[in-house]
Amino acid sequence: MSPEEIRQFDDPLMGRLQKKEDKNSKHAATTGGKGGNRKALVVLGILGLLAVLSIVSYFLYEAQQNIEALSSSLTQGQQQLNSVSQQLQTSQSQLTELQQDLTRNEQKLGSQSQEISRYKTLYRDLKTQQSEQGQELETIAIRKADQETVDALSDRAAGLEGEVGQINTRVGQINNNISDLRDQTTRNRVDLDQTRTSLDEVRLNTESNGQEIAAVKNSLERDYYSFELQKNGSVIKVFDVSLSLKDTDFSKQRFHVEILANGQRIRKKGQHVNEPILFYVDGKEKPYELVVNKVDRKFVTGHLSVPKS
């Protein structure tokens, strides 16, 4: 309610009081000025009280609106956190599938390598046999062996050459398969690195959202009291704590403050501006927090936050 609305507010109680005052105005005039002044003061006091109550109601309404806005922000942050968590789970599943594919490809590559080794061994054995057959043919030719034996050995040598050609073809195919597997493995590794990078970004976003939500929750669970301390040694009481400013250093933005809580005296020297001072009070599970956000040559300003009861 604005000050203008407060001035225009028509209170029924005040209307009845006004009528009664008008009715008794003649009687008040006869009884003397002292009684009339007293009634006027009562009326003014009631009007002032109603004005104060209206102003307090306005500020309470503003505070309620701020709390509802903070609650809405907290709900939105929680929804964002849930969405990020779902994305993290999906990315984790994709990462698991890529790792499984990589393991299968590596196993397949190992099997192909073993097969290549076996074919290479067979190839060496065939080459050895071919060499031995050639030497045998030369020996038979020198000794003028039977021509049929020479022809049979020649056919066998030709067959061995054909087998060697087939083995070479098979080895080439296996080499091509190995090359394909290596390319696929390289692509899988690139995808895996990209997925890990995405997971890192998701984790950072999750941590950031968690910090914002924690800050909103913390602000809703504490009350704040502003103060201004003069550099004259005087003690002022803020909520249930007494504060006294002992000294300031404007050039270095430092100050010296004394806190009196529960009969205990806490002295803080050389404190920086915006540096929180935490201390516990009997009966409270969470600490009080005192922060000075401005240091002048003769005074400091800040706030005291306390946990809600």
Side-chain angles (χ1 to χ4, degrees), residues 1-7 37-38 40-71 73 211-212 214-309:
M1 184 177 291
S2 64
E4 183 64 27
E5 291 175 342
I6 292 173
R7 288 195 296 271
N37 291 336
R38 182 178 302 170
L41 290 175
V42 172
V43 171
L44 289 176
I46 293 174
L47 287 175
L49 179 60
L50 289 175
V52 170
L53 290 176
S54 299
I55 294 172
V56 170
S57 299
Y58 172 75
F59 283 110
L60 288 176
Y61 174 78
E62 288 292 328
Q64 183 66 28
Q65 293 296 319
N66 292 333
I67 291 174
E68 291 177 358
L70 288 174
S71 299
S73 176
Q211 292 174 356
E212 292 177 358
V216 173
K217 287 182 177 179
N218 185 57
S219 65
L220 292 175
E221 294 175 355
R222 301 182 73 87
D223 291 325
Y224 293 83
Y225 301 91
S226 299
F227 62 82
E228 178 178 311
L229 299 178
Q230 298 292 331
K231 186 181 174 183
N232 54 12
S234 62
V235 178
I236 67 169
K237 190 169 185 179
V238 181
F239 190 54
D240 59 351
V241 175
S242 296
L243 305 176
S244 175
L245 180 64
K246 298 301 181 181
D247 194 10
T248 61
D249 188 342
F250 179 75
S251 61
K252 296 182 179 180
Q253 288 292 287
R254 292 173 178 264
F255 62 95
H256 174 199
V257 68
E258 189 173 88
I259 305 169
L260 182 63
N262 290 337
Q264 296 182 354
R265 195 176 302 276
I266 303 171
R267 294 183 176 88
K268 292 293 183 178
K269 297 182 178 181
Q271 289 293 125
H272 286 283
V273 66
N274 293 324
E275 180 181 0
I277 301 174
L278 301 177
F279 58 93
Y280 284 87
V281 175
D282 291 345
K284 301 291 185 179
E285 296 181 356
K286 296 181 179 180
Y288 283 26
E289 183 183 71
L290 187 143
V291 178
V292 170
N293 48 40
K294 181 179 180 181
V295 176
D296 208 319
R297 300 185 185 279
K298 295 184 179 181
F299 68 92
V300 298
T301 59
H303 67 267
L304 174 71
S305 69
V306 301
K308 289 186 177 180
S309 301

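Only heavy atoms go into these numbers, but all of them, side chains included; no hydrogens, no water, no symmetry mates. All figures in this text were calculated on a predicted structure; none of them were measured in a lab.
Interatomic distance, CD1 of Ile277 versus CD1 of Ile266, reported as 9.0 Å (0.5 Å rounding). Asn232 contributes atom CG, which lies 8.0 Å from atom OG of Ser244 (distance to the nearest 0.5 angstrom). To the nearest 0.5 Å, the span separating CD on Glu62 from CD1 on Ile67 amounts to 12.0 Å. In this structure, CG on Leu50 lies 7.5 Å from CD1 on Ile46, to the nearest 0.5 angstrom.
Tyr280 pairs by the ring pair (Phe, Tyr, Trp, His ring centres under 6.0 Å) definition with nothing, not counting sequence neighbours. By the side chain to side chain donor-acceptor pair (under 3.5 Å) test, Ser251 is found to be paired with Asp249, residues two or more places apart in sequence or in another chain being considered.
Surrounding NZ of Lys284 are more than 12 heavy atoms belonging to other residues, nucleotides or ligands, all under 6.0 Å away.
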(Q) Evaluate Asn293 against His303 for side-chain contact (heavy atoms from CB on, under 4.5 Å), listing each step before the verdict. (A) CA-CA 8 Å; Asn293 48 40; His303 67 267; 4.1 Å; yes
Inset, instruction - Show the numbers, then the answer: is there a side-chain contact (heavy atoms from CB on, under 4.5 Å) between Phe279 and Val241? - result: CA-CA 11 Å; Phe279 58 93; Val241 175; 4.2 Å; yes
Output side-chain donor-acceptor pairs under 3.5 Å for residues 254-265, partner residues at least two apart or in another chain, one line each.
{"from": "Arg254", "atom 1": "NH1", "to": "Gly270", "atom 2": "O", "distance (Å)": "2.7"}
{"from": "Arg254", "atom 1": "NH1", "to": "His272", "atom 2": "NE2", "distance (Å)": "3.4"}
{"from": "Arg254", "atom 1": "NH2", "to": "His272", "atom 2": "NE2", "distance (Å)": "2.7"}
{"from": "Glu258", "atom 1": "OE1", "to": "Arg265", "atom 2": "NH1", "distance (Å)": "2.8"}
{"from": "Glu258", "atom 1": "OE2", "to": "Arg267", "atom 2": "NE", "distance (Å)": "3.0"}

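Listed here is the closest heavy atom pair of Phe227 and Val238: CB-CG2, 3.7 Å. What you find for Pro287 and Pro307 is that their closest heavy atoms are O-CD, 3.8 Å. Contact record, Leu245 with Gln230: CB-O, 3.6 Å, taken as the closest heavy-atom pair. Between Lys308 and Asp223, the shortest heavy-atom distance links the atoms CE-OD1, 3.1 Å.
Side chains of Lys231 and Asp247 form a contact here, defined as non-hydrogen atoms less than 4.5 Å apart. Side-chain atoms of Gln271 and Val292, non-hydrogen and from C-beta on, never get closer than 4.5 Å to each other. The side-chain heavy atoms of Ile236 and Leu229, taken from C-beta on, include a pair separated by under 4.5 Å. Between Ser305 and Tyr225 there is no side-chain heavy-atom pair separated by less than 4.5 Å.
The pair Glu289-Arg222 does not meet the salt-bridge criterion, since no charged nitrogen lies less than 4.0 angstrom from a carboxylate oxygen.
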